[in-house]
Asks: 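Please find one structure pasted underneath; my questions will follow.
Below, read A as the first sequence line, B as the second, and so on, with proteins coming before strands; counting in each chain starts at 1.
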Number of protein chains: 2
Amino acid sequence: MAKKKPPSRAECPVERSVDIIGDEWSLLVIRDAFDGVRRFGEFQKSLGMAKNILSTRLRHLVTHGILEVVPASDGSAFHEYVLTRKGRDLFQVLVGLRQWGEHHCFQPDEAHSVLVDTEQGRPVRALEVRSESGRPVTSTETVVKKVAEKKPRAKR
Amino acid sequence: MAKKKPPSRAECPVERSVDIIGDEWSLLVIRDAFDGVRRFGEFQKSLGMAKNILSTRLRHLVTHGILEVVPASDGSAFHEYVLTRKGRDLFQVLVGLRQWGEHHCFQPDEAHSVLVDTEQGRPVRALEVRSESGRPVTSTETVVKKVAEKKPRAKR
DNA sequence: CAATATGGTTTCAAAATGAAACCATCCGGA
DNA sequence: TCCGGATGGTTTCATTTTGAAACCATATTG
């Protein structure tokens, strides 16, 4: 839920991300936002979630700069929730979740939606993690380098 | 928590993924597993979570084939939890979360750990979503194509 | 200007969480 | 081999979060 906790001070970026968007509803709200959902009622209907929970989630995402509130695009007095740059930058994460789900959460004969590029109408490629030199690397070929203890710069 | 719910029948792969791993603890357990954590006590200490919750999460991840229980590598009678192929395939998702966190959840002067490839010891590249032709595409250049209503194949 | 749609908030029961106590097995040493 | 501690849990219970439903204020529509 929208955490009362102070912003995560973890040194691990994964942890900070998860602290913000690592709950089911937030990720699904973001997915809907990528799909063009903008209005409170649309989210609620699409996700089938309780209004109070949606309300806290939207507030949470706005607070964290992932969504922003803008005047309704149809000129009415209502407002809408749209992804910020920060929110759109979650694209790779959503694509990763999508591709993993496609690969591991469906039976071979089961149909699922597909992410296609609008230009060609063909499915996007599988995400690849690449080294700086461009070589694809697997998880076993990488390691997390802990942050060096910030050595206070010698006075100069 | 470990859901009692039957496996998600959503047609959206993102939703199925999120239904399985879309909670804070599961993702952090998986992150630790990528970092080589294998023992119950290690997870518990690393994550600082209650043992009962860790217990349900590990069971949940094992049930869903993301972790598997193997005999302890040190020959003791205890066992260990290691990522399966399915679990390792979450690499891109974790990398996505990491890179987003690095970019959006740290102050410019704040240090954070870094994922490097062991071969060169240099940070991996930023994930890119590419079209089938290899062109990088943004979220605005893609669309989710809903699954065609499975048309029962005409009898032949 | 009345009726309804929209976008919430409040209330309250049920479920999940987390801290702590408890417990069984394993291991290492005297 | 037997004792004490480490390991890997489960149980218990108070607190927190969730979710369904009722309620409410403003906006829009007829």
Side-chain angles (χ1 to χ4, degrees), chain A residues 1-6 8 10 15 18-30 32-33 36-64 67-83, chain B residues 1-6 8 10 15 18-30 32-33 36-64 67-83:
Chain A
M1 105 90 185
K3 294 297 164 40
K4 291 307 152 225
K5 302 193 299 190
S8 173
E15 188 163 338
V18 167
D19 284 346
I20 296 175
I21 57 165
D23 70 289
E24 295 94 304
W25 288 129
S26 290
L27 281 166
L28 293 178
V29 167
I30 292 164
D32 269 15
V37 172
R38 303 164 71 101
R39 297 282 283 254
F40 186 94
E42 283 184 290
F43 283 110
Q44 207 239 319
K45 190 158 94 166
S46 163
L47 297 169
M49 66 195 294
K51 294 162 78 175
N52 50 349
I53 306 298
L54 175 58
S55 185
T56 63
R57 283 310 184 293
L58 289 172
R59 194 164 26 239
H60 177 74
L61 292 172
V62 169
T63 298
H64 284 85
L67 296 177
E68 65 183 329
V69 175
V70 302
S73 48
D74 62 1
S76 77
F78 297 117
H79 57 257
E80 298 179 341
Y81 299 91
V82 302
L83 288 167
Chain B
M1 106 90 186
K3 296 295 165 42
K4 292 308 152 225
K5 303 194 298 191
S8 172
E15 189 162 338
V18 167
D19 284 345
I20 296 175
I21 56 165
D23 70 289
E24 295 94 305
W25 288 130
S26 291
L27 282 166
L28 293 178
V29 167
I30 292 164
D32 269 15
V37 172
R38 304 165 71 100
R39 297 281 284 251
F40 186 94
E42 284 184 289
F43 283 109
Q44 207 239 318
K45 189 157 99 166
S46 164
L47 297 169
M49 65 196 294
K51 294 164 77 177
N52 51 348
I53 306 299
L54 175 58
S55 186
T56 63
R57 285 310 186 290
L58 288 172
R59 195 163 28 237
H60 177 73
L61 292 172
V62 169
T63 298
H64 284 84
L67 295 178
E68 65 182 330
V69 175
V70 302
S73 48
D74 62 2
S76 76
F78 297 116
H79 57 257
E80 299 180 340
Y81 300 90
V82 301
L83 288 167

Asks: Would you please confirm or rule out a distance under 4.0 Å between OP1 or OP2 of C:dT6 and any side-chain N or O of A:Arg39?
Replies: no
Asks: Quick check for you: among D:dA20, D:dT7, C:dC27, whose closest atom lies nearest to any side-chain atom of B:Ser76?
Replies: C:dC27
Asks: On the nucleotide D:dG19, are OP1 or OP2 found under 4.0 Å from the side-chain N or O atoms that A:Trp25 carries?
Replies: yes
Asks: Which nucleotide sits closest to the side chain of A:Ser55: D:dG9, D:dT7, C:dT9?
Replies: C:dT9
Asks: Please check if the side chain of B:Glu68 supplies one atom and the backbone of B:Tyr81 the other of a donor-acceptor pair under 3.5 Å.
Replies: no
Asks: May I ask you to evaluate whether A:His79 reaches the phosphate of C:dT6, defined as a side-chain N or O under 4.0 Å from OP1 or OP2?
Replies: no
Asks: Quick one: A:Leu47 CG to D:dG19 C1', roughly how many Å, whole number?
Replies: 14 Å
Asks: B:Lys51 has a side chain; which of D:dG19, D:dT10, C:dT17 sits nearest to it?
Replies: D:dT10
Asks: Tell me the interatomic distance from B:Asp74, atom CG, to C:dC26, atom C1', rounded to whole angstroms.
Replies: 11 Å
Asks: Tell me the interatomic distance from B:Arg59, atom CZ, to D:dT10, atom P, rounded to whole angstroms.
Replies: 5 Å
Asks: Between atom CZ in B:Phe78 and atom P in C:dT25, what is the gap in whole Å?
Replies: 12 Å
Asks: Name the nucleic acid region contacted by B:Phe43, choosing base, sugar-phosphate or nothing; use a 4.0 angstrom heavy-atom cut-off, strictly under.
Replies: nothing
Asks: What's the CG-P distance between A:Leu54 and C:dG8, to the nearest Å?
Replies: 8 Å
Asks: Find the distance B:Ile53:CD1 to D:dC13:P and express it as a whole number of Å.
Replies: 17 Å
Asks: Using side-chain heavy atoms (C-beta onward) and a distance below 4.5 Å, is B:Phe40 in contact with B:Phe78?
Replies: no
Asks: Of the nucleotides D:dG19, D:dT28, D:dG8, which has the atom closest to the A:Asn52 side chain?
Replies: D:dG19
Asks: If I take atom NZ in residue B:Lys45 and atom P in nucleotide D:dA6, what distance separates them, rounded to the nearest angstrom?
Replies: 12 Å
Asks: Between A:Asp32 and A:Arg39, is there a side-chain N and carboxylate O pair less than 4.0 Å apart?
Replies: no
Asks: Any idea how A:His60 and A:His64 line up, ring-wise: parallel (<30°), tilted (30 to 60°), or perpendicular (>60°)?
Replies: tilted
Asks: What's the CD-P distance between A:Gln44 and C:dT9, to the nearest Å?
Replies: 13 Å
Asks: Main chain of A:Lys51, side chain of A:Ser55: is a donor-acceptor contact present, judged purely on distance under 3.5 Å?
Replies: no
